[in-house]
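Some notes on the structure that comes next.
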Amino acid sequence: MLLSFLSADTSNYGYLIQLNFMIQRALIIKSWLDKGFNLVMERSHLEDVIFINFMLSSEYISKAQHDSYINLWNSVNELLPEPDVIVFIDYSVEHSLTHLDDDEKHGVRPKEFPNEEMKIKWIKGWHAEYQHFTDNLPKHLRQRVMICNHPSEIDTFSDRVIQKAMMLRR
């Protein structure tokens, strides 16, 4: 439900929804790690800044909201461990849009964007922010990054990620 507000009225809801996502992710990470579980997540807490940065660059939120978010993110980030492995599926914008369209058409996922123009803007914006994020990771985190650049490589890449995760479990 929140996602429909995020894309339909970003200027009004984006900041609060992103705060909610950040806090919920931090709570999940902390509670599961405190219970002794290993986590495999779609997105780490480190990546939360990608989406708030996109909102600022797209002028959906103010600089004051962005700064407030980043200050809170820095405080929350100190409470959580860094990921052992950061996996990026770095496909082209065109591939992502085609895949998203196909998933929407077949009911795999709901339509999240009110129109195609906004969908393209957001997917391109997120892709650019992810590129900026990975290019600017500190050296010690860049060494933990695994990247798959082409859909035809996903099976081999997935096997490498699983092998890496199993090595870290030992």
Side-chain angles (χ1 to χ4, degrees), residues 1-32 39-74 76-77 80 83 85-137 141 145-155 157-158 161:
M1 173 150 165
L2 288 178
L3 285 178
S4 62
F5 287 117
L6 182 61
S7 61
D9 192 0
T10 311
S11 296
N12 202 23
Y13 290 99
Y15 172 71
L16 294 173
I17 290 172
Q18 284 306 133
L19 281 173
N20 177 59
F21 288 162
M22 174 183 38
I23 292 168
Q24 290 298 319
R25 188 177 340 279
L27 287 168
I28 289 167
I29 292 169
K30 181 124 179 71
S31 68
W32 283 93
L39 298 178
V40 176
M41 299 181 69
E42 174 187 7
R43 185 172 299 113
S44 78
H45 59 286
L46 298 179
E47 296 161 69
D48 283 328
V49 297
I50 289 168
F51 301 95
I52 205 71
N53 288 344
F54 167 75
M55 286 185 194
L56 177 65
S57 67
S58 298
E59 299 180 350
Y60 290 121
I61 63 169
S62 70
K63 177 80 167 108
Q65 288 173 319
H66 181 268
D67 292 349
S68 168
Y69 181 97
I70 295 299
N71 285 335
L72 181 59
W73 181 85
N74 284 326
V76 169
N77 192 41
L80 302 172
V85 178
I86 302 170
V87 176
F88 284 110
I89 310 298
D90 186 18
Y91 295 167
S92 70
V93 168
E94 294 75 20
H95 176 83
S96 297
L97 287 167
T98 300
H99 188 76
L100 182 57
D101 289 341
D102 191 53
D103 282 356
E104 290 173 348
K105 185 168 89 173
H106 292 97
V108 174
R109 63 182 303 139
K111 287 190 174 228
E112 298 172 32
F113 303 96
N115 58 56
E116 285 300 306
E117 182 180 305
M118 181 176 273
K119 182 192 302 184
I120 292 167
K121 175 184 178 179
W122 284 50
I123 298 300
K124 282 183 175 180
W126 289 341
H127 188 267
E129 288 295 339
Y130 264 102
Q131 293 300 316
H132 178 74
F133 175 79
T134 56
D135 291 347
N136 291 287
L137 280 170
L141 287 176
V145 174
M146 298 177 73
I147 300 174
C148 181
N149 295 104
H150 198 275
S152 65
E153 300 168 359
I154 194 64
D155 290 335
F157 179 75
S158 298
V161 170

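These numbers come from the heavy atoms of this one structure, side chains and all, not from hydrogens, waters or symmetry mates. For this chain, numbers begin at 1 and follow the sequence in order.
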Quick check for you: to the nearest 0.5 Å, what is the distance between [X] atom [atom1] and [Y] atom [atom2]?
{"X": "Leu27", "Y": "Lys30", "atom1": "CG", "atom2": "NZ", "answer": "10.0 Å"}
{"X": "Glu59", "Y": "Thr10", "atom1": "CD", "atom2": "OG1", "answer": "13.0 Å"}
{"X": "Arg109", "Y": "Asp101", "atom1": "CZ", "atom2": "CG", "answer": "11.0 Å"}
{"X": "Asn77", "Y": "Leu72", "atom1": "CG", "atom2": "CG", "answer": "11.0 Å"}
{"X": "Met146", "Y": "Ile89", "atom1": "CE", "atom2": "CD1", "answer": "9.5 Å"}

So does [Y] get a backbone contact from the side chain of [X], meaning a donor-acceptor N/O pair under 3.5 Å?
{"X": "His99", "Y": "His95", "answer": "no"}
{"X": "His150", "Y": "Ser152", "answer": "yes"}
{"X": "Ser31", "Y": "Ile28", "answer": "yes"}
{"X": "Ser68", "Y": "Ala64", "answer": "no"}
{"X": "Asn20", "Y": "Leu16", "answer": "no"}

Which atom names give the shortest non-hydrogen contact between [X] and [Y], and what distance separates them?
{"X": "Leu39", "Y": "Ile29", "result": "CD1-CA, 3.8 Å"}
{"X": "Lys121", "Y": "Ser58", "result": "CE-OG, 3.8 Å"}
{"X": "Phe113", "Y": "Met118", "result": "CD2-CG, 4.1 Å"}

On the 0 to 90° scale, with breaks at 30° and 60°, tag the Phe54-Tyr60 ring pair as parallel, tilted or perpendicular.
tilted
How are the rings of Trp122 and Trp126 set relative to one another: parallel (under 30°), tilted (30 to 60°) or perpendicular (over 60°)?
perpendicular
Could you check Leu97 against Glu116 for side-chain contact (heavy atoms from CB on, under 4.5 Å), going step by step and ending with a plain yes or no?
CA-CA 10 Å; Leu97 287 167; Glu116 285 300 306; 5.7 Å; no
For a side-chain contact (heavy atoms from CB on, under 4.5 Å) with Gln18, tell me which candidate from His66, Gln65, Met55 qualifies.
Met55
Using a 6.0 Å cut-off, check whether atom NE2 of His132 has over 12 heavy atoms from anything other than its own residue.
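Incorrect, the count does not exceed 12.
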Within 6.0 Å of CG in Asp155, more than 12 heavy atoms from elsewhere
no
Side chains of [X] and [Y], heavy atoms from C-beta outward: is any pair under 4.5 Å?
{"X": "Met41", "Y": "Pro83", "result": "no"}
{"X": "Phe51", "Y": "Ile17", "result": "no"}
{"X": "Leu141", "Y": "Leu46", "result": "yes"}
{"X": "His45", "Y": "Val76", "result": "no"}
{"X": "Phe88", "Y": "Val145", "result": "yes"}
{"X": "Lys119", "Y": "Ile123", "result": "yes"}

NZ/NE/NH1/NH2 to OD/OE distance under 4.0 Å, Glu47 and Arg25:
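No, this pair does not count.
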Run the ring-ring contact (aromatic ring centres under 6.0 Å, His included) test against Tyr69 and tell me which residues pass, sequence neighbours left out.
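Checked Tyr69 against ring-ring contact (aromatic ring centres under 6.0 Å, His included); zero matches.
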For Tyr13, ring-ring contact (aromatic ring centres under 6.0 Å, His included) partners two or more places apart:
Phe5
The test is side-chain contact (heavy atoms from CB on, under 4.5 Å); show your working for Val49 and Glu129 and say whether it passes.
CA-CA 9 Å; Val49 297; Glu129 288 295 339; over 6 Å; no
